[in-house]
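Let me begin by presenting the structure, written as structure tokens, before commenting on it.
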Amino acid sequence: MKFNVSSKTLYSYVSAVSKVINSKNALTVLNNFLFELNDNTLTITASDLENTLVASLEVMNADGEGKFCVDARRIVDLLKEMPDQGMEFIVNDDNLSVEIKYNNGNYAFIALNGNEYPSNEDTDAAEGVFTFTYPADQLLKGIDNTLFAVGNDDLRPQMMGILWDIKPDSITFVATDTRKLVRYRNSVGEPGFEGSFILPVKPATVIKNVFAKESEIKVTVAPKSVTFESAAYKFKCRFIKGAFPDYNRVIPTNNPYVITVDRHSFLNAVRRVGVFVDQGHGLVKFKIESDKMTLRATDNNFCTSAREEVACDFTGKEMVIGFSAPYLIEISSTISTDELVIKLSDPSRPGVFLPSDEKEGDDLLMLLMPMTVTDF
């Protein structure tokens, strides 16, 4: 078989698909791409057994059909250095020798039999499967807002992913590591179904990178896996088994004290003061008054300290509370509005962080547990 394809077009697809491949694989064949030619369509598959990503692209002057495996690292490295021009792949069906020709040279290697590659056939039961189509940018926004809050404790595997809580009229994305929690509800699209699954970190990262330029994503949820499909890519991944904690129970409903502060000023102040925190706990103390907040950090091990003031609008009585600087930086960096709204009840209760205004259909809430403060 043989076919022609642009080097840069092929590189864009293989570099995207390669994000699924692990650095070390249980099966040697998983270090390869599966190339399959059918008419003028070339499909490129990569898998780590848990996740399978397939890209489809049109090629020219296709002759014959079949499938073969090529070393992923070698083909990606070659195409990365290749100038933008046409290439011809010639595959000997008998001995699977592959020759790549272009204007200035040619390359030859031996491929593996495509039948040795693990199948991507769906083994989930037909019942319990539902499908919906959703704007890609809204799904990616859900991942962007929650991915940083995913837990990494192996003893709590259900928290090592993003919960997709799907309702007929909205999708709620939730992630928590017990110290911080993010809940982002999007009602721009209407799935029309009700269900939920926990998406692991690796598939979430792959979706974020691969589907960034797509307009719509078709989502198919089965009992053990979920499939994301666009015009160019199809990505199937297994989700985390188990029940996600009831996130609604930990979100406080009564937060009478409200702080409104310029987000950039707050974020920059936390970053500067955070340089002087004790690295063991990262504590920054806040003394909040009606028109300003004072930030303090100390590290007795190195006899360092820092103090800054930031203007704010606070509706409540004077309060002293402590938060972890790294977590504050993550939260303040993820929220994108000019002003940040912080709702508090008392120094021992979680702080609720909100954007000052949101687009229609968006509802973002971030929760951060406080740290014990003995004195200011």
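These figures come from a predicted structure and were not determined experimentally.
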Discussion item. My understanding is that a hydrophobic cluster links ILVMFWY residues whose side chain heavy atoms are under 4.5 Å apart, including indirect links. Using that, what else belongs to the cluster containing F276?
Written reply: V275
Fill in: Closest contact, heavy atoms only, A72 versus I21
CB-CD1, 3.5 Å
Worksheet item: How would you list, by chain and number, every residue that makes a salt bridge (Lys or Arg N to Asp or Glu O under 4.0 Å) with R349, sequence neighbours excluded?
Response: none
Worksheet, complete the sentence: The salt bridge (Lys or Arg N to Asp or Glu O under 4.0 Å) partners of K67 (sequence neighbours excluded) come to none
Worksheet item: Of all residues at least two apart in sequence or in a different chain, which pass the salt bridge (Lys or Arg N to Asp or Glu O under 4.0 Å) check with K208?
Response: D144
Worksheet, complete the sentence: Output for pair (I75 CD1, N32 CG), nearest 0.5 Å, gives 11.0 Å
Fill in: 4.5 Å side-chain heavy-atom contact, F33 and S18
yes
Practice prompt. Inspect the surroundings of NZ in K8 and state if more than 12 heavy atoms from other residues, nucleotides or ligands are less than 6.0 Å away.
Written response: yes
Worksheet item: Quick check: does any side chain N or O of R183 sit under 3.5 Å from a backbone N or O of F173, one acting as donor and the other as acceptor?
Response: no
Fill in: Worked verdict on E339 versus S356 for side chain to side chain donor-acceptor pair (under 3.5 Å)
CA-CA 5 Å; E339 289 189 323; S356 56; 4.6 Å; no
Discussion item. Please determine whether the number of non-hydrogen atoms from other residues, nucleotides or ligands lying under 6.0 Å from atom NZ of K343 exceeds 12.
Written reply: no
Worksheet item: So with a 6.0 Å cut-off around CG of N104, is the heavy-atom count from everything else above 12?
Response: yes
Worksheet item: Side chains of K19 and L53: closer than 4.5 Å at any heavy-atom pair?
Response: no
Discussion item. Can you pull out every salt bridge (Lys or Arg N to Asp or Glu O under 4.0 Å) where at least one residue sits in residues 40-66? Sequence neighbours excluded, please.
Written reply: D48-K202
Fill in: K101 atom NZ: more than 12 heavy-atom contacts under 6.0 Å
no
Worksheet entry | Inter-residue atom distance L49.CG - L30.CG, 0.5 Å rounding | 5.0 Å
Fill in: Single-linkage hydrophobic cluster V270~V341, side-chain heavy atoms < 4.5 angstrom
no
Worksheet item: Would a distance-only check, ignoring hydrogens and angles, find a side-chain to backbone donor-acceptor pair under 3.5 Å from D39 to T41?
Response: no
Practice prompt. Could you pull out all residues at least two apart from E190 that satisfy side chain to side chain donor-acceptor pair (under 3.5 Å)?
Written response: none
Worksheet item: Given the rule that I, L, V, M, F, W and Y join up when any side-chain heavy atoms are under 4.5 Å apart, are V150 and L139 in one cluster?
Response: yes
Worksheet item: Would a 4.5 Å heavy-atom cut-off, applied to side chains only, mark F235 and T227 as touching?
Response: no
Fill in: Those residues that, when tested against Y134, pass ring pair (Phe, Tyr, Trp, His ring centres under 6.0 Å) (two or more places apart)
none
Discussion item. Using a 6.0 Å cut-off, check whether atom CZ of R74 has over 12 heavy atoms from anything other than its own residue.
Written reply: no
Fill in: Residue pair L344 / I288, side-chain heavy-atom distance below 4.5 Å
yes
Discussion item. Tell me every residue that passes side chain to side chain donor-acceptor pair (under 3.5 Å) with N106, counting only those two or more places apart in sequence or in another chain.
Written reply: E99
Fill in: Under 3.5 Å donor-acceptor, S7 side chain and P83 backbone
yes
Worksheet item: Do NZ/NE/NH1/NH2 and the carboxylate oxygens of D363 and R185 come within less than 4.0 Å?
Response: yes
Worksheet entry | Lys/Arg-Asp/Glu bridge criterion (N-O < 4.0 Å) met for K167, E194 | yes
Worksheet entry | Given Y233, F132, W164, the one that forms ring pair (Phe, Tyr, Trp, His ring centres under 6.0 Å) with F228 | W164
Item to complete: Taking all non-hydrogen atoms of both residues into account, name the closest pair between A111 and C69 and its distance.
Response: CB-O, 3.2 Å
Worksheet item: So do R73 and N31 actually touch side chain to side chain, heavy atoms under 4.5 Å?
Response: no
Practice prompt. Starting at CZ of F3, measure out to CZ of F89 and round the result to the nearest 0.5 Å.
Written response: 5.0 Å
Discussion item. Within this structure, what is the CG-CD1 distance for the pair L365 and I335, rounded to the nearest 0.5 Å?
Written reply: 8.5 Å
Worksheet item: Does the salt bridge (charged side-chain N to carboxylate O under 4.0 Å, His left out) test come out yes or no for D77 and K80, once each step is laid out?
Response: CA-CA 5 Å; D77 289 348; K80 183 179 180 180; over 6 Å; no
Worksheet entry | Distance-minimising heavy-atom pair for P252 and P350 | CG-O, 4.3 Å
Worksheet entry | Set of side chain to side chain donor-acceptor pair (under 3.5 Å) partners for R307, sequence neighbours left out | E309
Worksheet item: Can you name the nearest heavy-atom pair linking A46 to V20, along with the distance?
Response: O-CG1, 3.9 Å
Item to complete: Ignoring hydrogens and angles, tell me if any N or O in the side chain of E358 forms a donor-acceptor pair with the backbone of L364 under 3.5 Å.
Response: yes
Practice prompt. Determine, stepwise, if the pair S47 / T52 fulfils side chain to side chain donor-acceptor pair (under 3.5 Å).
Written response: CA-CA 4 Å; S47 176; T52 302; 3.1 Å; yes
Fill in: Shortest non-hydrogen separation from N145 to M366 and the atoms involved
O-CE, 4.0 Å
Worksheet entry | Spacing of CG belonging to L27 relative to CG belonging to N22, to within rounding of 0.5 Å | 11.0 Å
Fill in: P135 versus V188, closest heavy-atom pair with distance
CG-CG1, 4.5 Å
Discussion item. Using the rule that Ile, Leu, Val, Met, Phe, Trp and Tyr join whenever any side-chain heavy atoms are under 4.5 Å apart, tell me whether V352 and I331 fall into a single cluster.
Written reply: no
Item to complete: Say whether F197 and F211 are linked into one hydrophobic cluster, either directly or through other cluster members, by side-chain heavy-atom distances under 4.5 angstrom.
Response: yes
Table please: side-chain donor-acceptor pairs of residues 312-330 below 3.5 Å, with sequence neighbours left out.
from, atom 1, to, atom 2, distance (Å)
T315, OG1, V258, N, 3.2
T315, OG1, V258, O, 3.3

Fill in: Check: D262 side chain, S265 main-chain N or O, donor-acceptor pair, under 3.5 Å
yes
Worksheet item: Going by heavy atoms in the side chains, are S345 and N255 under 4.5 Å from each other?
Response: yes
Discussion item. Can you pull out every ring pair (Phe, Tyr, Trp, His ring centres under 6.0 Å) where at least one residue sits in residues 37-77? Sequence neighbours excluded, please.
Written reply: F35-F68
Fill in: Test item: I100 and L78 side chains (from C-beta on) under 4.5 Å apart, heavy atoms
yes
Practice prompt. Spell out, yes or no, whether V98 and I110 are grouped together once hydrophobic residues are joined by side-chain heavy atoms under 4.5 Å, including indirect joins.
Written response: no
Worksheet item: Do the non-hydrogen side-chain atoms of E289 and T294 ever get within less than 4.5 Å of each other?
Response: yes
Worksheet entry | With sequence neighbours excluded, residues passing salt bridge (Lys or Arg N to Asp or Glu O under 4.0 Å) with K141 | D362
Discussion item. Distance check, rounded to the nearest 0.5 Å: M160 atom CE versus I240 atom CD1?
Written reply: 7.0 Å
Practice prompt. Answer yes when D177 and K180 have at least one side-chain N-carboxylate O distance shorter than 4.0 Å, and no when they do not.
Written response: yes
Worksheet, complete the sentence: Test side-chain contact (heavy atoms from CB on, under 4.5 Å), reference Y247, set T176, T172, V182, output is T172
